[in-house]
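Notes follow once the structure below has been shown.
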Protein chains: 4
Amino acid sequence: MSGTGRRRLPRQVREQQIIDAGVRVFSKRGYHAAVVDEIAELADISKPMVYLYFGSKEGLFIACIRREGERLTRGFQEAASAGKSADEQLWAGLSAFFGYVAATRDGWVVLYRQAPEQGGEIAAEVRRQREAVMAAVVELVRSGASGSGALAERGGRDAEFVAHALVGAADSLTGWMADHPGETPDKVTLRLMNMVWVGMRNVLDGEVWVPPDGDSAAGE
Amino acid sequence: MSGTGRRRLPRQVREQQIIDAGVRVFSKRGYHAAVVDEIAELADISKPMVYLYFGSKEGLFIACIRREGERLTRGFQEAASAGKSADEQLWAGLSAFFGYVAATRDGWVVLYRQAPEQGGEIAAEVRRQREAVMAAVVELVRSGASGSGALAERGGRDAEFVAHALVGAADSLTGWMADHPGETPDKVTLRLMNMVWVGMRNVLDGEVWVPPDGDSAAGE
Amino acid sequence: MSGTGRRRLPRQVREQQIIDAGVRVFSKRGYHAAVVDEIAELADISKPMVYLYFGSKEGLFIACIRREGERLTRGFQEAASAGKSADEQLWAGLSAFFGYVAATRDGWVVLYRQAPEQGGEIAAEVRRQREAVMAAVVELVRSGASGSGALAERGGRDAEFVAHALVGAADSLTGWMADHPGETPDKVTLRLMNMVWVGMRNVLDGEVWVPPDGDSAAGE
Amino acid sequence: MSGTGRRRLPRQVREQQIIDAGVRVFSKRGYHAAVVDEIAELADISKPMVYLYFGSKEGLFIACIRREGERLTRGFQEAASAGKSADEQLWAGLSAFFGYVAATRDGWVVLYRQAPEQGGEIAAEVRRQREAVMAAVVELVRSGASGSGALAERGGRDAEFVAHALVGAADSLTGWMADHPGETPDKVTLRLMNMVWVGMRNVLDGEVWVPPDGDSAAGE
DNA sequence: GATGAATGAGTGTTCATTCAT
DNA sequence: AATGAATGAACACTCATTCAT
């Protein structure tokens, strides 16, 4: 039915094919709503193959998480080490991020937009991959801030903060970008750089803006 | 079995009770994995009541989305209109956000962290509520930038951009905050203000940072 | 479809109905080949009811084993205690056995003719019930042999032996009886009594027959 | 992978190897729960070989039944014809039985402890083999009773009865023996001889024990 | 002669949803 | 107003069986 070359593929290839389909379907439906039949059909194989290769729906999901996470982390690290000056490195990293997400939106969604508490095995792998991504971003932020001396003393807590803010902003902008055809990864990256580049250093050096004295809180 | 106040509550109260339970369970499990039995049990009623009040699981979910969305939007708008100067308003808005999320994490999760493509009705309501929230934030950003003249001409595209970046960052920081007991909503708000306050104006006025000339892209 | 009274039975009744069906189907097909749909249909309910009441196919099977085992054990004990003299007691016990099995062949089959190594839970319950039955028979044998003094000294090992031989013979004769319409439980009991009554005492007292000296060989 | 002797065995040998594995697995799991993969692996071949040699799982099972049944019958007949006097023959037969079962427990289990109603082909072969075994035992019993004249007139019904009782007792004792390490086939045989040797003749000659007059029945 | 790769058909189990009371 | 009892429809997973090599 798929025209070229259906049966008898070597194990390696089939595996990637199935993961491709898995990422697509998990991304579109979410883990629970995803139906193994649909994944199998998209991968142009029968359902038992999925079980032969990955053991269970959960196993397949974990494989998807792992591959996408590793791809993303690797892309990041390459980008981060490529640049020269601090701002160039951050620029390269954010470009890599938006480029990757624009190119493989599904992978990102599977990695970041699943219900938070899938059972044990899944949760563990998700955490692992997300932490790897965050670690890469933190590294990016740190090297981008190497000019300012204050960093070492403060235990890196601020770099973590910045990294989370960046990834969150980028994640959100990713969806926005997808809904606004005119926006390209490059344009988005440029704007985000402008938005955070100056302020990042403030945070990493210790804050300078202070809240108006009176009402410090809002929630309670 | 629940001791106080089981039977014969007025409709209004019951409804809120059920929505409370719904938000909690949907947040913990995600839409599909959530089981109506668990919600009913948590609300201390029998399952048919859920169907009597909301018609279906989907109906209940929509009601949850709506209530949480409206709460959040309202909190935002109040915060935004309360302040005086531009930075005070933004500060108040972000404080409201982190305060709300810290106080009712489940509501936020249900609203923002569900699989993107739940069937038609749900998708529509989710979109509606998210857009309302975004509109409030955009308003917040605009009034915070009222000093700079260039805004009107550019169609608000930049304000939207900033708003998405802010919400995304805040969303991500929300999770980070939950994992780092030392971090309070106030401390997080302060850092985020420092990180974006200066750069925001850059973006809203037109960018000033420029990428290194050579290789502007990263993806391909 | 079943004519009288389908829906809305009290829990107790339904449970017995389902166990009845379970015993019948498990007996006919064996545990693994038995299909839950067939049991449900025979019980005149839908499949989910089976799961609501027993949790799983295994749970239902265990319930079947337990009920049939307890019935059989109870019947035995009543029969055994009813008689006066030793031979009367044994006669009553064997009569009870053949009567029960002729009346509820399926129950016996489920209890004794399943593959030996069904998983943990099942194996445990089967063992428990079989041991209860055997204990009752051993008791029967012991009281039947109370005349002979030698019993106590030999640790009851011989009584166990006799009990196993009796149950095995009875089990086998049960199938034979089912295939030979002329044979009634009473006639079978009578013959079995004649076959073992004299020899039993020999065994319980210590053997008297001796093999020919050369020991014509067993296996190895 | 199995070191010695994998490939290119003559058909005869392969067949026996597979049947060996089949008997082992069928015995352990029962017909339905047995999985062809496991049998193939145990036989150290690939699954399609099983189908090449036996056509289907059912075909393999039938082959197992047949081989084990024939082995058992042959062993019996040899034992029966070997002895001289009546009691020697019975002793030899029972010894053969316990010896065989102790040596090849799996074969016995496959032959006698499967769910009664496996589909047509299987049922037929099981019946055939069991009848062959029974015929041999009946023969054994008859020759053991040749001294008593009454036998011929009663159509052999009693010999059949005795044979079934013997086989059942022996079957049951077989399991008991496996659970009590001290018991050897010889000791078990000796006790069973003592238990039945005297009584057997009673039955074959016509009964002598009579039930207590009153309550002949037990069931109801 | 032998096998890795592949699948059609079926089974246990769950869950949203609805009656009958 | 409220619920225990019941079910239709799906879905994850398994297994006997067959190709293509």
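Here is the naming used below: chain letters follow the sequence lines, and residue numbers restart at 1 for every chain.
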Side-chain donor/acceptor pairs under 3.5 Å, residues 49-57 of chain B, sequence neighbours excluded:
from	atom 1	to	atom 2	distance (Å)
Ser56(B)	OG	Glu58(B)	N	3.4
Ser56(B)	OG	Gly59(B)	N	2.9
Lys57(B)	NZ	Tyr31(B)	O	3.0
Lys57(B)	NZ	His32(B)	O	3.4
Lys57(B)	NZ	Ala34(B)	O	2.9

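Closest to the Val35(A) side chain, of the nucleotides dC11(F), dA16(E), dC19(E), is dC11(F). Side chain of Lys57(C), nearest nucleotide from dT13(E), dT7(F), dT7(E): dT13(E). In this structure, the nucleotide among dA2(E), dA16(E), dT17(F) sitting nearest to the side chain of Tyr51(D) is dT17(F). Of the candidate nucleotides dT14(E), dA5(F), dG4(F), dA5(F) has the atom lying nearest to any side-chain atom of Arg11(C). The side chain of Met49(B) lies closest to dA2(F) when the candidates are dA5(E), dC15(F), dA2(F).
Across Arg14(C) and Asp44(C), no two heavy atoms sit closer than the pair NH2-O, 4.4 Å. The shortest non-hydrogen separation linking Ile18(C) to Ile39(C) is O-CG2, 4.3 Å. The nearest pair of heavy atoms linking Val23(C) to Val110(C) is O-CG2, 3.5 Å.
Here the CD1 atom belonging to Ile62(D) is positioned 15.5 Å from the CZ atom belonging to Arg67(D), to the nearest 0.5 angstrom. Distance check, rounded to the nearest 0.5 Å: NZ of Lys28(D) to CD of Glu38(D) gives 5.5 Å.
If you measure from atom CG of Leu60(B) to atom C1' of dA16(E), you get 12 Å, rounded to the nearest angstrom. Taking atom CD of residue Glu15(A) and atom P of nucleotide dA5(E), one finds them 11 Å apart after rounding to whole Å. Regarding Arg29(A), its CZ atom lies at a distance of 10 Å from the P atom of dC11(F), rounded to whole Å. The distance from atom CD1 of Ile39(D) to atom C1' of dC15(F) is 12 Å, rounded to the nearest whole Å. One can place CD1 of Ile122(B) at 12 Å from P of dA16(E), the figure rounded to the nearest angstrom. Atom P of nucleotide dT13(E) and atom CZ of Phe61(C) are separated by 14 Å, given to the nearest angstrom. The CZ-P distance, from Phe54(D) to dT18(F), rounds to 16 Å in whole Å. The nearest whole Å value for the distance from the CG atom in Asp37(A) to the C1' atom in dT11(E) is 15 Å.
Between the side chains of Gln16(B) and Gln12(B), no donor N or O sits under 3.5 Å from an acceptor N or O.
Note on Arg14(B): every side-chain N or O is 4.0 Å or more away from OP1 and OP2 of dA1(F).
Here Tyr53(C) lies in heavy-atom contact (under 4.0 Å) with sugar-phosphate atoms only. No contact: Ala40(A) has no heavy atom under 4.0 Å from any strand.
Few gaps surround CD on Glu15(D); more than 12 heavy atoms of other groups in view lie less than 6.0 Å from it.
Looking at Lys47(B), its side chain comes within 3.5 Å of the base of dT17(E) through a donor and an acceptor atom.
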Dot-bracket line, read 5' to 3' along DNA chain F, where crossing pairs take [ ] and | marks a partner on another strand, Watson-Crick or G-U under 3.5 Å: .||||||||||||||||||||
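Between Val36(A) and Pro48(B), the residue anchored closer to the 5' end of DNA chain F is Pro48(B), taking for each the nucleotide with the nearest heavy atom. Residue Leu52(B) is the one, among Leu52(B) and Gly55(D), whose nearest nucleotide of DNA chain F lies closer to the 5' end (criterion: closest heavy atom).
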